[in-house]
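Here is the structure we will look at.
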Amino acid sequence: MKLYSLSVLYRGDPKAVLLKAAYDVSSFSFFQRSSVQEFMTFTSQLIVERSAKGSRASVKEQEYLCHVYVRNDSLAGVVIADSEYPSRVAFTLLEKVLDEFSKQVDRIEWPVGSPATIHYTALDGYLSAYQNPREADPMSKVQAELDETKIILHNTMESLLERGEKIDDLVSKSEVLGVHSKAFYKTARKQNSCCAVM
């Protein structure tokens with residue numbers, strides 16, 4: 001899971017204006033980095049221009065997902081990530097960034113702003129903090145813990161079933177258990193088998 005770009009834009013009438021952006025292009029070849037960054041900026045502007053106000057969308061481009069959120073006040077955010085990155089976390093990040101941006105940067109600056117004139121420095125921090133969605137987002141962390149618990153529980157059930165099969169062998173070989181005890185065990189085993197977890 002990787003985030004490549006986090007951008008804040010203003011959805012103007014003819015064109016979208018890039019206000020501020022942060023990029024992580026370290027996974028690309030040194031000679032491709034500037035081209036990749038330009039393409040991410042172009043893609044972000046294009047997606048914002050073609051998205052309606054008050055909408056959220058995820059657009060797939062090859063193995064990348066572009067998550068866009070355009071607010072009703074024309075402020076927009078775009079996250080470009082790989083296809084494994086959770087959409088919910090990306091939209092949570094966009095909402096958080098846009099809320100913070102709108103409080104720190106005066107609304108008058110949005111239509112005429114540029115990355116050089118807008119003073120908002122939190123994007124790089126968010127881009128690095130959200131590289132691992134489990135650490136950045138509490139819900140993802142809880143979901144990961146639940147998944148781990150489910151795996152542990154499933155492994156425990158499998159080991160119990162293996163143990164149960166071994167107990168069957170032991171009961172049939174036992175000389176200490178009487179005929180009635182063995183019959184009781186077999187009946188109980190049959191009754192419990194109808195409720196087995198698949």
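None of these values were measured; they are calculated from a predicted model. Only heavy atoms go into these numbers, but all of them, side chains included; no hydrogens, no water, no symmetry mates.
For E49 (side chain) and A16 (main-chain N/O), a donor-acceptor pair under 3.5 Å exists by modelled atom type. Counting only distance, with no hydrogens or angles, the side chain of E109 and the backbone of V105 share no donor-acceptor pair below 3.5 Å. Checked by atom type and distance alone, the side chain of K20 pairs as donor or acceptor with a backbone atom of I118 at under 3.5 Å. Put simply, the side chain of D124 never gets that close to the backbone of Y126: no donor and acceptor are under 3.5 Å apart.
Inter-residue side-chain proximity for L19 and P115 is flagged as unmet; no heavy-atom pair is nearer than 4.5 Å. At a threshold of 4.5 Å between non-hydrogen side-chain atoms, the residues K2 and S27 count as touching. In this structure, the side chains of Y130 and K96 come closer than 4.5 Å at one or more pairs of heavy atoms. Residues R11 and Q45 are not in side-chain contact: their nearest non-hydrogen atoms beyond the backbone lie 4.5 Å or more apart.
For D82, there are no salt bridge (charged side-chain N to carboxylate O under 4.0 Å, His left out) partners two or more places apart in sequence or in a different chain. With sequence neighbours excluded, no residue forms a salt bridge (charged side-chain N to carboxylate O under 4.0 Å, His left out) with R50. Listed by chain and number, the residues in a salt bridge (charged side-chain N to carboxylate O under 4.0 Å, His left out) with K15 amount to none (sequence neighbours excluded). Here K53 pairs with S74 under the side chain to side chain donor-acceptor pair (under 3.5 Å) rule; sequence neighbours left out.
Salt-bridge formation is not detected for the pair R33/E38: no Lys NZ or Arg NE/NH1/NH2 atom is positioned less than 4.0 Å from an Asp or Glu carboxylate oxygen. With respect to D99 and R71, a salt bridge is recorded, a charged nitrogen being found less than 4.0 Å from a carboxylate O.
Annotation for D13: atom CG does not count as buried by contact number, only 12 or fewer foreign heavy atoms lying within 6.0 Å. Open room surrounds NZ on K103; 12 or fewer heavy atoms of other groups in view lie less than 6.0 Å from it.
Within the structure, the side-chain hydrogen bond (donor to acceptor under 3.5 Å, both in side chains) test picks out the following pairs touching residues 110-121 (sequence neighbours left out): E100-Y120, S114-T117.
L98 and L6 fall within a single hydrophobic cluster, where Ile, Leu, Val, Met, Phe, Trp and Tyr are joined by side-chain heavy atoms under 4.5 Å apart, directly or via other members. Residues V89 and F91 share a single hydrophobic cluster, defined by chaining ILVMFWY side chains whose heavy atoms lie under 4.5 Å apart.
Chaining together hydrophobic side chains whose heavy atoms lie under 4.5 Å apart places Y23 alongside Y4, L9, L18, V25, F28, V36, M40, I47, V48, V59, Y64, V68, V70, V78, I80.
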